[in-house]
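Data block below; observations after.
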Amino acid sequence: MHAWPDLRLLIVGVSAETGEPRVFDRESGVPLVDVVSASCAVPGVWPPVSIDGVRYVDGGVRTSTNLDLAAGCARVLVLAPMVDPGLEEDVARLASAGGRVEVITPDEASLSAFRR
């Protein structure tokens, strides 16, 4: 799939030069493929991706979940593939503000496979 979905999807990239986050969505005017490529640009592994003249890397260099950017959302789905010591606190903060937060984390077998 190369088109933005109908449901709201937010993907975070971080400027490789300034560290400023940018939240991309279908209204940003940037093709989904470019945004996903930037989101996969892990420093030291994959190079930054240029969007609108700015070089972006994975939003995970800022925080592993970027949950602070979901403040005010009624429903949030968190895909947290790595252990994040601050995840519970971030989720609790969002939930206490009235948001419904669902979290998907790897089970022990998945964590074991990641370590290989």
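For reference, positions follow the sequence shown, starting with 1.
- W4 places no side-chain N or O within donor-acceptor distance of the main-chain N or O of E27, the cut-off being under 3.5 Å.
- At least one side-chain heavy atom of V78 sits less than 4.5 Å from a side-chain heavy atom of L87.
- With 3.5 Å as the limit, one finds no donor-acceptor pair spanning the side chains of D34 and S37.
- The two residues V57 and A41 have their closest heavy-atom pair at CB-O, 3.2 Å.
- Contact record, L111 with P106: CD2-CG, 3.6 Å, taken as the closest heavy-atom pair.
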Item to complete: Take R22 and V30 through the side-chain contact (heavy atoms from CB on, under 4.5 Å) test and state the conclusion after the steps.
Response: CA-CA 12 Å; R22 179 173 173 189; V30 179; 4.0 Å; yes
Practice prompt. Could you give me the CA-CA distance, side-chain angles and deciding distance for D25 and V35, then say whether side-chain contact (heavy atoms from CB on, under 4.5 Å) is met?
Written response: CA-CA 9 Å; D25 64 10; V35 173; over 6 Å; no
Discussion item. For L7 and L9: C-alpha separation, side-chain torsions, deciding distance, then whether side-chain contact (heavy atoms from CB on, under 4.5 Å) applies.
Written reply: CA-CA 6 Å; L7 292 174; L9 172 63; over 6 Å; no
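- Here the CZ atom belonging to R93 is positioned 12.5 Å from the CD atom belonging to E88, to the nearest 0.5 angstrom.
- Using a 4.5 Å cut-off between side-chain heavy atoms of Ile, Leu, Val, Met, Phe, Trp and Tyr, with links allowed through other members, L10 and L69 fall into the same hydrophobic cluster.
- Taking all atoms of both residues into account, the shortest heavy-atom contact from L67 to T63 is N-OG1, 4.5 Å.
- Salt bridge D6/R26: present, at least one basic N to carboxylate O contact under 4.0 Å.
- One finds the OH atom of Y56 at 13.0 Å from the OG atom of S39 (value rounded to the nearest 0.5 Å).
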Worksheet item: Between C73 and R100, is a side-chain contact (heavy atoms from CB on, under 4.5 Å) present by the stated rule, with each step listed?
Response: CA-CA 8 Å; C73 293; R100 178 178 168 200; over 6 Å; no
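- Residue A3 comes nearest to L32 through the heavy atom pair O-CD2, 3.3 Å, listed as atom of the first residue, atom of the second, then distance.
- Just one residue in the list S15, S50, P47 forms a side chain to side chain contact (heavy atoms under 4.5 Å, CB included) with R55, and that residue is S50.
- Across D84 and G86, no two heavy atoms sit closer than the pair OD1-N, 2.9 Å.
- A heavy-atom distance below 4.5 Å is not found between the side chains of V12 and D58.
- For the pair I51 and F24, the minimum side-chain heavy-atom distance is below 4.5 Å.
- Across all their heavy atoms, A95 and V101 have their closest contact at N-CG2, 4.2 Å.
- Criterion: ILVMFWY side-chain heavy atoms under 4.5 Å apart, direct or through other members. Under it, V14 and V54 are not part of a common hydrophobic cluster.
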